[in-house]
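All figures in this text were calculated on a predicted structure; none of them were measured in a lab.
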Amino acid sequence: MPSWLQLMIDSFWPLLSAGLLFTVPLTLITFILGIALGFITAIARLYGPKPVVAIARFYVWLIRGTPLLVQLFLIFYGLPSAGIVLDAFPAAVIGFTLNVGAYTSEIIRATISSVPKGQWEAAHSIGMNWYQALKRIVLPQAARIAVPPLSNNFIALVKDTSLAAALTVPELFQAAQRIAAVTYEPLILYTETALIYLIFSSLLSSLQAKVEARLTRHTQDQGATA
C-alpha cells in the first residue's frame, strides 16, 4: 500500500472524530443562536423605534463590513487586554453567532418584507393583533422563502468553522494541522480534510434539496386546495 494512502487511512478517524466532536456542535450551536439573534435584529430593524433601528443597523454594518477572522481574533485575543478572558470554544461560539446573526438578519428581514401587505390587512380584518398576524400569517409564508438562503448560510458555516483552528479549537482543520506538523505531509492531510468538508457539505446540500422540494410540493398542494 502506498505510504500516502496509509497515512490517509490512519488519519481519517482522528480527523472525522474532530469534525463530529467539535465542527458539527460548533456549527449547530452557532447557527441556532445566530438565527435567534438574526430574527431579533430583523424585527428590530423592521418595527423597532428609531434608536433600536439605528443600533441594529450599526451591528449589521459592523459585522458584515469586517472579516470573520478579525472578529474571532478580537474576541479571543483582544478581549483579554480588557480583562475579559474566554476559552477557545465559547469565544468561537460568540464570534460565529454574531457573524451568523448579522447575515441571517438580512435574509429574515427581506423575506418578511416580501410578504404582501395585503396579508397583514387580511389578518387585521379578522381581528388579529400585530403579534398574531406576524406569528400565524406572515412568518409561515416568510419561512418558506427563507429556507434556501438560510440553508446556504448553514452550509457555508460548516466550512467557515475551520477558522476556529486559529483560536486553538480542536476541530477538523486544527486536527489536520496537528497531524501535518508531525508527519510533514501537509498536502495529503489538507487534501483529506478538504474531502471530509466536501462530504459534510454534500450531505447537507442533499438534505437542503429534499427540504426545498417538500416545501414546493406543500405550497403547490395549498394552492390547489385554495
Only counting residues at least two apart or in another chain, list the ones meeting side-chain contact (heavy atoms from CB on, under 4.5 Å) with [X].
X    : value
I9   : M1, L5
L139 : F39, I112, L134
L69  : F73, L163, A166
P49  : P51, V52

Residue pairs passing the ring-ring contact (aromatic ring centres under 6.0 Å, His included) test where at least one lies in residues 146-172, sequence neighbours excluded
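Every pair satisfying ring-ring contact (aromatic ring centres under 6.0 Å, His included) with a residue in residues 146-172: F31-F154.
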Contacts satisfying ring-ring contact (aromatic ring centres under 6.0 Å, His included) that involve residues 162-204 (not counting sequence neighbours) are F173-Y190
**Q.** Where at least one partner belongs to residues 111-124, residue pairs that pass salt bridge (Lys or Arg N to Asp or Glu O under 4.0 Å), sequence neighbours excluded
**A.**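 Sorted pair list comes back empty.
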| message | Going by ring-ring contact (aromatic ring centres under 6.0 Å, His included), name the residues that satisfy it together with W61, two or more places apart in sequence or in a different chain. | response |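 Listed in chain order: F58.
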Residues passing the ring-ring contact (aromatic ring centres under 6.0 Å, His included) test with Y131, sequence neighbours excluded, are none
Let me have the donor-acceptor pairs involving side chains of residues 82-94, under 3.5 Å, with sequence neighbours excluded, atom names and distances please.
none

Residue set satisfying salt bridge (charged side-chain N to carboxylate O under 4.0 Å, His left out) with R178, at least two apart, ordered chain then number -> none
So the side chain to side chain donor-acceptor pair (under 3.5 Å) pairs with at least one residue in residues 26-52 (sequence neighbours excluded) are R45-E106
Interatomic distance, CD1@I29 vs OG1@T97, rounded to 0.5 Å, equals 8.5 Å
Please check this pair: side chain of E185 against backbone of W4, looking for a donor-acceptor N/O pair closer than 3.5 Å.
no
